[in-house]
Amino acid sequence: MTTEAPIETQNQQNIINLPDEELLAIAHPMWEELIKYSNKGQYGKFIKKFSYNLLFGLNEVEVGKQFAKSELTRSLSEDYDFLGTIRRGEHVTVLYRVRSSKKEGEWLGRMVLGYEDGEVRIFGASIF
């Protein structure tokens, strides 16, 4: 009888262990894609890097309606500021200052990253 973890568990990476440079080299292009596809209203491309659990939990009809009708999500400036990261468990939250090309002010952008099946996926994304 062995007490070793299954091979999949032993080889799984934890994103919190990535150095900042590697993490941001992954995160920034993913954030830029979210902004690009949000502005274009391309919902299918917007969610393409979402984790299975995030997609499974979404009410896609309601999210799609909200996505299509939101002036803010269709006018995000590509000029954003990286604010920092929060590392917890098996996920990293990446924070951005976001502006709109149509609305005055600033918003907080949040993207939660982690590994799923050996690939970095988005486990949460929002603008506050």
Side-chain angles (χ1 to χ4, degrees):
M1 188 194 287
T2 66
T3 57
E4 293 182 1
I7 291 173
E8 305 100 31
T9 305
Q10 289 177 350
N11 291 330
Q12 277 187 330
Q13 294 178 292
N14 189 334
I15 198 163
I16 68 168
N17 296 326
L18 288 180
D20 285 347
E21 300 78 30
E22 286 182 42
L23 176 65
L24 298 179
I26 295 167
H28 292 339
M30 290 177 87
W31 183 252
E32 290 164 5
E33 279 190 4
L34 288 178
I35 290 173
K36 174 182 171 180
Y37 295 128
S38 183
N39 285 340
K40 289 183 175 186
Q42 295 178 330
Y43 182 70
K45 290 182 179 180
F46 177 79
I47 65 170
K48 75 179 181 180
K49 293 189 180 175
F50 281 15
S51 71
Y52 173 77
N53 286 335
L54 179 57
L55 290 172
F56 186 73
L58 292 177
N59 178 333
E60 290 202 45
V61 173
E62 287 304 312
V63 173
K65 285 180 189 174
Q66 182 181 6
F67 184 82
K69 293 180 181 179
S70 171
E71 182 181 41
L72 177 60
T73 62
R74 299 297 295 277
S75 66
L76 297 171
S77 172
E78 294 177 6
D79 181 27
Y80 62 85
D81 299 312
F82 167 68
L83 298 176
T85 60
I86 300 171
R87 297 167 187 260
R88 177 178 55 250
E90 295 180 358
H91 298 95
V92 174
T93 300
V94 187
L95 302 171
Y96 297 97
R97 178 183 335 210
V98 183
R99 295 166 192 85
S100 167
S101 59
K102 293 185 179 178
K103 298 181 123 200
E104 286 190 44
E106 301 175 334
W107 287 264
L108 176 64
R110 173 190 72 104
M111 181 174 61
V112 181
L113 301 177
Y115 281 101
E116 181 178 75
D117 298 327
E119 187 177 341
V120 176
R121 305 297 282 185
I122 299 171
F123 287 77
S126 54
I127 302 269
F128 301 98

- Taking the six-membered ring for Trp, are Tyr96 and Trp31 parallel (under 30°), tilted (30 to 60°) or perpendicular (over 60°)? parallel

- Query: Parallel under 30°, tilted from 30 to 60°, perpendicular over 60°: which one fits the rings of Phe46 and Phe50?
  - Reply: perpendicular

Check [X] against [Y] and note the closest heavy-atom contact, atom names and distance.
X: Gly124; Y: Leu54; result: N-CD2, 3.8 Å
X: Arg87; Y: Asn17; result: NH1-N, 4.4 Å
X: Tyr80; Y: Arg99; result: CA-NH1, 4.4 Å
X: Val94; Y: Phe82; result: CG1-CE1, 3.8 Å

- Is atom CD of Glu78 surrounded by more than 12 heavy atoms (other residues, nucleotides or ligands) closer than 6.0 Å? no

- Query: Is it the case that more than 12 heavy atoms not belonging to Lys36 sit under 6.0 Å from its NZ atom?
  - Reply: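 Not buried by this count: 12 neighbours or fewer within 6.0 Å.
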
- Shared ILVMFWY cluster between Tyr115 and Met30, side chains joined below 4.5 angstrom?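 Yes, because Tyr115 and Met30 connect within a single hydrophobic cluster, where side-chain heavy atoms sit under 4.5 Å apart.
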
- Item | Hydrophobic cluster identity match, Leu113 and Leu24, side-chain contacts under 4.5 Å |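 Linked, Leu113 and Leu24 end up in one cluster.
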
- Query: Step by step, would you call Ser100 with Ser75 a side-chain hydrogen bond (donor to acceptor under 3.5 Å, both in side chains)?
  - Reply: CA-CA 5 Å; Ser100 167; Ser75 66; 2.7 Å; yes

- Task: Could you please spell out the steps behind the salt bridge (Lys or Arg N to Asp or Glu O under 4.0 Å) verdict for Lys102 and Glu71?
- Result: CA-CA 8 Å; Lys102 293 185 179 178; Glu71 182 181 41; 5.2 Å; no

- Only one of Leu76, Ile127, Leu72 forms a side-chain contact (heavy atoms from CB on, under 4.5 Å) with Ser38, so which one is it?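 The residue from Leu76, Ile127, Leu72 that satisfies side-chain contact (heavy atoms from CB on, under 4.5 Å) with Ser38 turns out to be Leu76.
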
